[in-house]
Each structure stands twice: as structure tokens, then as C-alpha cells.
Amino acid sequence: MAAAQNVITDLNMAITVTVSVQKPPAPHGYISISRKKLLQNLEISAGARVNAWVDSMRASSPTHIKSTPSLSDDQGSWNLHHPSALDMFEQIIDASKGKKIVMFLDYDGTLSPIVEDPDRAFMSKKMRKTVRKLAKCFPTAIVSGRCRDKVYKFVKLDELYYAGSHGMDIKGPEKRSKSNKVSESVLFQPASEFLPMIDEVYKQLVDTTKSTTGAKVENNKFCVSVHFRCVDEKKWGELAQKVRSVLKEYPKLRLTQGRKVLEIRPTIIWNKGKALEFLLESLGFANCTDVFPVYIGDDRTDEDAFKILRDRGQGFGILVSKFPKETSASYSLQEPDEVMNFLRRLVEWKQLSLRAQSRMGKGPVALTPCRVNSNGSCTLSDPQHTTSDKSRASAIL
Ligand SMILES: O=P(O)(O)OC[C@H]1O[C@H](O[C@H]2O[C@H](CO)[C@@H](O)[C@H](O)[C@H]2O)[C@H](O)[C@@H](O)[C@@H]1O
């Protein structure tokens, strides 16, 4: 029996429920079960666990509604609880009244479409132009699971804040002094002591997964991604087992999931939500009630940030998804093109506000000087100024 108990501990499996129905308890409070039966149970339990992982891997990036069965009947209710941020634009602007908007943008699946090769997840020129204009209107940060340098190479905008490696590598825009000296601003790396471990585990994962066709391991500096988008679904369980076997030796690292990707990261309590709070603080909004953070993301890892906003009761999250998903976000957008349209409307609204303010020549900005109507037109507080959203958008962007 002692040997059997050791097996249970080693495999870290709770099988009490499975075995308790086999026979009445033996003397001394032990459960009597044959070794064969026990091994069978362990196999079933391990198999069930792998299946649970594969189900979860499948749900990580649904391509059709059936992928999320619990929610498939619920499209209507989901739309009701997470309406389109484009349809709700006017209400969103109203809610930000008197507050300073701060923008947080995830990268993959939010600013760039999801593609098979993570090295080719380019952002369109139109999107870059929009984000550049956005950053002129509001403090703007990119919060990504990728390493900071890599996400910067895709975005190529110096005026933004960047939080790479799921927020474990944060840097603000460079500042130029009058004498043209460049100084780095805000640099926070809460997991720097994990660098050697991450390097080591990256190499091991490359080695362990090289026999799995389509698997790709990406070094994200403070975390590692193991991609399975191009792996045959029948091999997902096996791949997850391989990754877990490497991680057994690294109790200070944990495994989470993103969109068809297994993410390995330090066990420190730091995530995109913490990064959002850190950035708000760095921007001087630590205990402010007049800040309105908006976080747009498509991934499970973005949920930490959505939750922070929900708990703080400040601003809101927007989930980018075509399918119903469990989320703490308040609104939804279907794809990066819709994200771009939403950002353009924010820019346009802000520019109209500033124009209205300068026309008035004094006083604070009227925070809702324009209304974006459901047909896409904008109406200024001054009803004489109504213009078509489309023509104005092309003029501004
Ligand atoms: O936080 P994010 O900016 O969304 O980064 C999360 C992961 O994004 C990348 O992977 C995802 O996008 C790839 C390109 O479209 C896609 O092939 C992959 O299946 C997605 O999971 C990135 O490669 C990962 O390192 C990030 O962790």
C-alpha cells in the first residue's frame, strides 16, 4: 500500500474518488485495491487529464461556435452582455466624461490578424497610422506576451509604452532633452532573476519538441511560447505531455494557455493586469478617480487586465472575438479591422473635441462635444456641425 501511495504522490493525482467505490475500507482505514486496478485507474485519470488539456487547447482559439459548447447556445445572451464597442461608442464616450482616457492594446489578434507563422504577424500600415494618431490623443501602451523587442519591431512606434513578456518587461517612450539627449523612461522587469532559467528551459523545450511536426518554440525573454497551431490535433496531447515533463523539473515556472499556444512563465504574481496597474501608476494616475483606462485584447492572458478594470470599476475591457467566450470584458469587437475602426472613431472624437474647444477659445474641454450616431455620422454640440464619419475619417487619417 505504501508503494501505491507513493505512486499517487509522484504522479500528483487525486484518485480517491475513483478508488473509494471499489471495495469497503480495509483495516487501519486503508482502501483495498488491487495493483492492476490501481494502475488502470491511474491510466484513466492521466488520460482524462490529457483529454481535459486537449479540450482546453482546442477552446484556446475557437474557429467555430461548436468549439465552445457551453456557450454555443448563448450567442444572443453573449451579444447582450458584451455588445459591440462600435455600436456602443456613444455610451462609451459618455461614460468617459470628465476623465482622462488611457489606451492599452494587446498585439497579436488585436492589432494584427492571427496567422500561422508567429514571425509573420505583421501589422498593416493603416493600423500603424491609426495607433500613431491614437498615441497623439491619449497615453497608449502595447501589452503583449511577446518579448518587448519583437513587438516593437512589429509596431515600430517610438511614442508608445511597451509591456512585453506578459507585462514582465515594461518601458516608456524615450524622452529627448532640449540638448537632444535621449533618456530611457520607466523600465520595470519584475522577473529578471528568471532570465537564466528561461533560457535553459527554452533550449530544453526546443530539444524535447523537435520531433513533433509543426511545433514551434519561441523565446519571449521572460517567458516561452510553445505553438501548436500547425501541429496535427491528434498530437496535441502528446505535445502537452512533453512540455509538462520538462516543466516538472522547474517548479518555479508555470504553464498557461493562449491562442493555440502553451505559455511557460515564472510563478511570480505578475501579469498583464499588474502591468496595467503599474503603467497607470507611472503615468501619475495611481489613486485618481478621473482616469478611464480602455484595454483591448483577444486572449486568455488579457483577462487579467479586464478583471482589474472590472474590480477597480474604472474604464472597461473590450474582448476581440468572433465567438462567445467567458470574459470579464464589457464590450466586444470581432477582429483587428473593427479594432482599427474603433480606434479611428476615438481619434476623430478627440480631434473634434479639441477643435470645439479651440473654437470656444477658453475653458475646459467639453467632454462630449460630439456624438457619433448609429449611422456613423458625428454631431457636434453645436448642431450646425454635422459631418459624415467616412469623409471625416479619410480627411483625418
Ligand atoms: O499578448 P499577445 O500580443 O496577444 O501575444 C500572445 C502570443 O501571440 C503570438 O502568438 C499568437 O499569434 C501568432 C501569430 O498570429 C499565432 O500563430 C499563434 O497561434 C498565437 O498564439 C506570439 O507568437 C506568442 O509568443 C505570444 O505569447
Side-chain angles (χ1 to χ4, degrees), residues 56-63 67 103-124 127 131 140-155 157 160-170 191 198 201-202 205-206 209 212 214-231 233 236 239-240 243 253-266 270-276 279 295-306 317-322 325 327 329 333 335-337 339:
S56 164
M57 287 161 92
R58 204 173 284 130
S60 72
S61 195
T63 46
S67 308
M103 295 300 298
F104 296 90
L105 306 168
D106 166 54
Y107 182 71
D108 289 278
T110 297
L111 297 182
S112 69
I114 291 292
V115 291
E116 285 196 348
D117 181 356
D119 293 335
R120 302 194 60 78
F122 304 115
M123 182 176 168
S124 70
M127 183 66 99
V131 176
T140 301
I142 306 287
V143 187
S144 173
R146 289 186 184 259
C147 82
R148 180 163 55 76
D149 289 350
K150 205 166 187 180
V151 79
Y152 174 77
K153 277 185 191 144
F154 281 129
V155 177
L157 292 172
L160 308 181
Y161 290 78
Y162 288 88
S165 307
H166 295 290
M168 288 180 281
D169 190 4
I170 303 182
I198 291 288
V201 95
Y202 165 73
L205 285 167
V206 169
T209 61
T212 307
K216 183 173 174 114
V217 187
E218 193 182 2
N219 190 339
N220 282 329
K221 192 165 179 175
F222 296 104
C223 46
V224 180
S225 294
V226 180
H227 294 274
F228 57 89
R229 186 167 293 278
C230 297
V231 174
E233 199 169 324
W236 287 4
L239 179 67
V243 172
L253 299 180
R254 68 189 164 115
L255 188 57
T256 58
Q257 282 190 40
R259 295 185 69 173
K260 298 224 161 63
V261 67
L262 300 172
E263 314 258 25
I264 291 94
R265 38 180 163 155
W270 197 265
N271 52 40
K272 289 181 171 185
K274 294 274 179 198
L276 178 150
L279 281 163
Y295 187 107
I296 312 182
D298 70 316
D299 212 340
R300 286 180 185 168
T301 57
D302 298 309
E303 289 297 328
D304 293 315
F306 297 152
I318 302 177
L319 175 71
V320 184
S321 178
K322 283 192 167 131
K325 281 186 190 170
T327 184
L333 289 169
E335 55 197 356
D337 272 353
V339 173

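Every number for a ligand or one of its atoms is a count from 1 in the order of the listing. Just so it is clear, the model here is predicted, and its values are computed rather than measured.
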Among all protein heavy atoms, pick out the one at the shortest distance from [atom]; state its residue, atom name and that distance to 0.1 Å.
{"atom": "atom 8 (O) of ligand 1", "value": "Asp108 OD2, 3.0 Å"}
{"atom": "atom 3 (O) of ligand 1", "value": "Ser144 OG, 2.7 Å"}
{"atom": "atom 10 (O) of ligand 1", "value": "His227 CE1, 3.4 Å"}
{"atom": "atom 4 (O) of ligand 1", "value": "Asp106 OD1, 2.7 Å"}
{"atom": "atom 6 (C) of ligand 1", "value": "Asp299 OD2, 3.9 Å"}
{"atom": "atom 19 (O) of ligand 1", "value": "Arg229 NE, 2.6 Å"}
{"atom": "atom 20 (C) of ligand 1", "value": "Arg259 O, 3.3 Å"}

*Pair Lys272 + Asp299, salt bridge at N-O below 4.0 Å*: no
_So Lys274 and Asp304, do their side chains get closer than 4.5 Å, heavy atoms only?_
no
At under 4.0 Å between heavy atoms, which part of [X] makes contact with ligand 1: side chain, backbone, both or neither?
{"X": "Pro113", "result": "backbone"}
{"X": "Glu263", "result": "side chain"}
{"X": "Ser225", "result": "side chain"}

Does the N or O separation between [X] and ligand 1 drop below 3.5 Å for any pair?
{"X": "Asn220", "result": "yes"}
{"X": "Val261", "result": "no"}
{"X": "Val115", "result": "yes"}
{"X": "Glu218", "result": "yes"}

*asked:* I'd like to know if the side chain of Ser165 pairs up with that of Lys221 as donor and acceptor (distance under 3.5 Å, no hydrogens or angles considered).
replied: no
*Is there a heavy atom of Lys272 sitting under 4.0 angstrom from any atom of ligand 1?*
yes
*Would Arg265 and Thr301 count as a side-chain contact (heavy atoms from CB on, under 4.5 Å) if you check the C-alpha gap in whole Å, the side-chain angles of each, and the deciding distance to 0.1 Å?*
CA-CA 12 Å; Arg265 38 180 163 155; Thr301 57; 3.6 Å; yes
Reported [atom1]-to-[atom2] distance for the pair [X] and [Y], which is rounded to 0.5 angstrom:
{"X": "Thr110", "Y": "Leu105", "atom1": "OG1", "atom2": "CG", "answer": "8.0 Å"}
{"X": "Leu262", "Y": "Leu255", "atom1": "CG", "atom2": "CG", "answer": "5.5 Å"}
{"X": "Trp236", "Y": "Ser56", "atom1": "CH2", "atom2": "OG", "answer": "10.5 Å"}

*Among Lys260, Glu218, Glu116, Arg259, which one satisfies side chain to side chain donor-acceptor pair (under 3.5 Å) with His227?*
Glu218
_Sole residue of Leu276, Thr140, Ile296, Asp302 in side-chain contact (heavy atoms from CB on, under 4.5 Å) with Phe104_ = Leu276
Give the atom numbers and elements of ligand 1 that come within less than 4.0 Å of a heavy atom of [X].
{"X": "Glu116", "value": "17 (O)"}
{"X": "Pro118", "value": "14 (C), 23 (O)"}
{"X": "Tyr107", "value": "3 (O)"}

_Using modelled atom types and a 3.5 Å cut-off, is there a donor and acceptor pairing between side-chain atoms of Tyr107 and backbone atoms of Val155?_
no
*Assess whether side-chain contact (heavy atoms from CB on, under 4.5 Å) is satisfied between Val131 and Met103, documenting all intermediate values.*
CA-CA 10 Å; Val131 176; Met103 295 300 298; over 6 Å; no
